[in-house]
Amino acid sequence: MTEQTESTEGRSPEAAEGFSRRHALGLLGTAGAGAAATGLLGAGTAQAAPLAAPALHLTADASGASPVQGLHLTFGADPRTQMTVSWITDGPVSKPVVHYGTLEHGFGSKAAARTVTYVDGTSNRTVHVHHARLDRLTPDTDYLYLATHEGATPDSGTFRTAPRGRKPVTFTSFGDQSAPQVTWSAAGTVALDANSTPATKDIVTGIEQVAPLFHLLNGDLCYANLDVDRVRTWNNFFTNNTRSARFRPWMPAAGNHEIEKANGPIGLGAFQSYFSLPSTETDPELAGLWYAFTAGSVRVIVLQNDDNCLQDGGDVYISGYSGGRQLAFLVRELAAARSSKDVDWVVVAMHQVMISSSDANGADLGLREKYGPLFDRYGVDLVLCGHEHNYERSLAVRGVVSGSETLTPDPVSQATDDIDADHGTVHMILGGGGVSGTTNQNFFKDGTGKVITAVSATAGSNGKRTSTYVKEQAVWIGVRDTEHPYGFAAFTVDPGWHPGDTTRMHVTYYNVNKPHGELSVFENFTLHRRRSDGPGR
């Protein structure tokens with residue numbers, strides 16, 4: 001992975017290069033009606049003004065420049081004041097830049113983009129990704145932007161910055177998506193991207209109906225490692241998701257299927273190139289693989305679990321690759337979050353799971369050993385995963401069942417509708433993001449689960465280390481969806497009004513239904529806890 005252009009920012013108090021409020025209105029007309037939409041399900045962001053002006057068409061010159069493709073957003077280190085706009089091109093370009101501003105003042109600022117490249121290890125194709133960081137934004141404010149480079153027609157979108165302090169915030173989450181397009185097979189015939197289904201597309205429409213502030217994508221993004229043309233699959237993934245990701249940050253965790261043979265030292269070079277994430281890691285090999293950010297009173301910590309789990313699930317086995325650096329990061333983040341008077345909710349997003357009652361991958365003892373004591377010590381509220389292609393959530397758990405060789409999480413309550421998060425952590429498997437090979441039909445019916453307790457020292461005939469499984473009594477089982485394979489969760493925080501108040505997180509799990517992709521509510525539940533700014537906290 002290489003960088004061609006260093007990041008720079010430039011801005012003017014007046015409209016830059018002729019992009020005025022009138023131009024802004026016109027360009028947003030080309031971005032699609034979704035730019036001005038509010039959440040249809042009552043969990044969205046503030047409304048934008050109607051966009052009735054005719055579109056301004058900026059014509060590309062005759063240079064043959066690669067078009068702007070796969071426009072997507074990610075938060076910077078401070079989601080109140082920073083946003084990164086990213087896009088892909090088929091070749092090198094000159095002067096990649098983002099113009100941005102508000103609806104009232106037009107495109108009064110601009111930020112030059114840095115270009116990151118990687119060479120795909122199977123095709124030897126060079127991929128160019130451009131990242132422009134927008135700084136000094138105003139919290140809780142709607143912005144519009146356009147991304148372009150020399151000789152290209154701009155593409156555009158909108159976003160809203162995170163609020164300052166305790167304000168209501170809505171976010172969504174799922175994992176295991178895939179990409180809903182066709183590709184070429186090794187024989188040259190038309191084939192589907194690996195694990196593709198129509199739900200892979202329908203679920204993006206569902207996210208836009210909720211219109212959250214941000215979305216968490218919990219690993220196994222597009223399964224490019226299973227396709228002949230990995231670059232095409234990544235392009236298909238961004239082509240599908242830009243319908244949402246240009247309007248709100250999609251914050252990803254890398255799963256086992258992001259580990260691609262010959263793409264970087266540990267196989268995660270493509271993931272690290274496509275996303276600019278608020279990483280504090282100084283080692284380039286590890287940059288962007290774990291990170292954290294705060295939105296409202298919610299601290300989100302994103303992990304890369306192949307470092308700490310036992311299962312061999314990627315193109316190469318990389319367990320332990322960070323040498324403990326990710327765990328040290330996790331300890332620092334959890335300690336800081338729980339000592340902060342500004343953070344009430346601690347949410348961990350990751351891919352592989354610590355609970356599962358499906359006869360699929362199973363829970364992973366490596367994660368239970370390394371993460372479990374930390375989640376208990378620092379009172380993590382929610383753990384959001386994928387990996388199992390179904391929906392399941394645990395009861396609130398704290399500690400382990402005495403004498404359990406599998407470190408079975410111990411439930412602290414049987415409540416499933418209104419849960420005291422001060423007393424335990426709820427784990428949610430949200431693996432119905434669109435992938436085929438669903439596992440909702442594979443739930444054990446006898447109250448048990450299976451846990452990976454070891455893997456073989458060498459790979460078997462399938463190229464993977466063989467897992468050893470031990471069954472357990474899954475006393476932590478809360479709610480499972482045995483009927484519907486696809487869906488996502490939406491989380492809305494009610495911060496309360498005064499120091500020490502009770503704050504609530506209202507959770508809705510939506511099914512994305514076959515064959516037309518319409519949404520229905522599978523369940524609602526609520527988490528509550530005391531705010532951290534009260535006396536004695």
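Starting from 1, each residue takes its place in the sequence as its number.
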Using only atom types and a distance under 3.5 Å, with no angle test, would you say the side chain of Thr508 pairs donor to acceptor with the backbone of Ala490? no
State whether the number of non-hydrogen atoms from other residues, nucleotides or ligands found under 6.0 Å of Lys514 atom NZ is greater than 12. no
Check for a donor-acceptor pair, side chain of Ser297 on one end and backbone N or O of Val343 on the other, with a separation under 3.5 Å. no
Thr439: which of Asp359, Asp176, Asn361, Asn390 passes side chain to side chain donor-acceptor pair (under 3.5 Å): Asn390
Show your reasoning for whether salt bridge (charged side-chain N to carboxylate O under 4.0 Å, His left out) applies to Arg529 and Asp381. CA-CA 9 Å; Arg529 63 157 40 250; Asp381 299 296; 2.8 Å; yes
With the threshold set at 4.0 Å, does a side-chain nitrogen-carboxylate oxygen contact exist between Arg166 and Asp344? yes
Does the structure place the NZ or CZ of Arg246 under 6.0 Å from the centre of the six-membered ring of Phe159, at an angle of no more than 45° from the ring's axis? no
Any Val451 side-chain heavy atom under 4.5 Å of Arg368 side chain: yes
Quick one: sort the Tyr509 and Phe522 rings into parallel, tilted or perpendicular, breaks at 30° and 60°. perpendicular
Salt bridge flag under 4.0 Å for residues Asp140 and Arg160: yes
Check ion pair Asp376-Arg398 (N to O, under 4.0 angstrom): yes
Phe271 vs Phe275 aromatic rings, parallel, tilted or perpendicular, using cut-offs 30° and 60°? tilted
Lys201 NZ: over 12 foreign heavy atoms closer than 6.0 Å: no
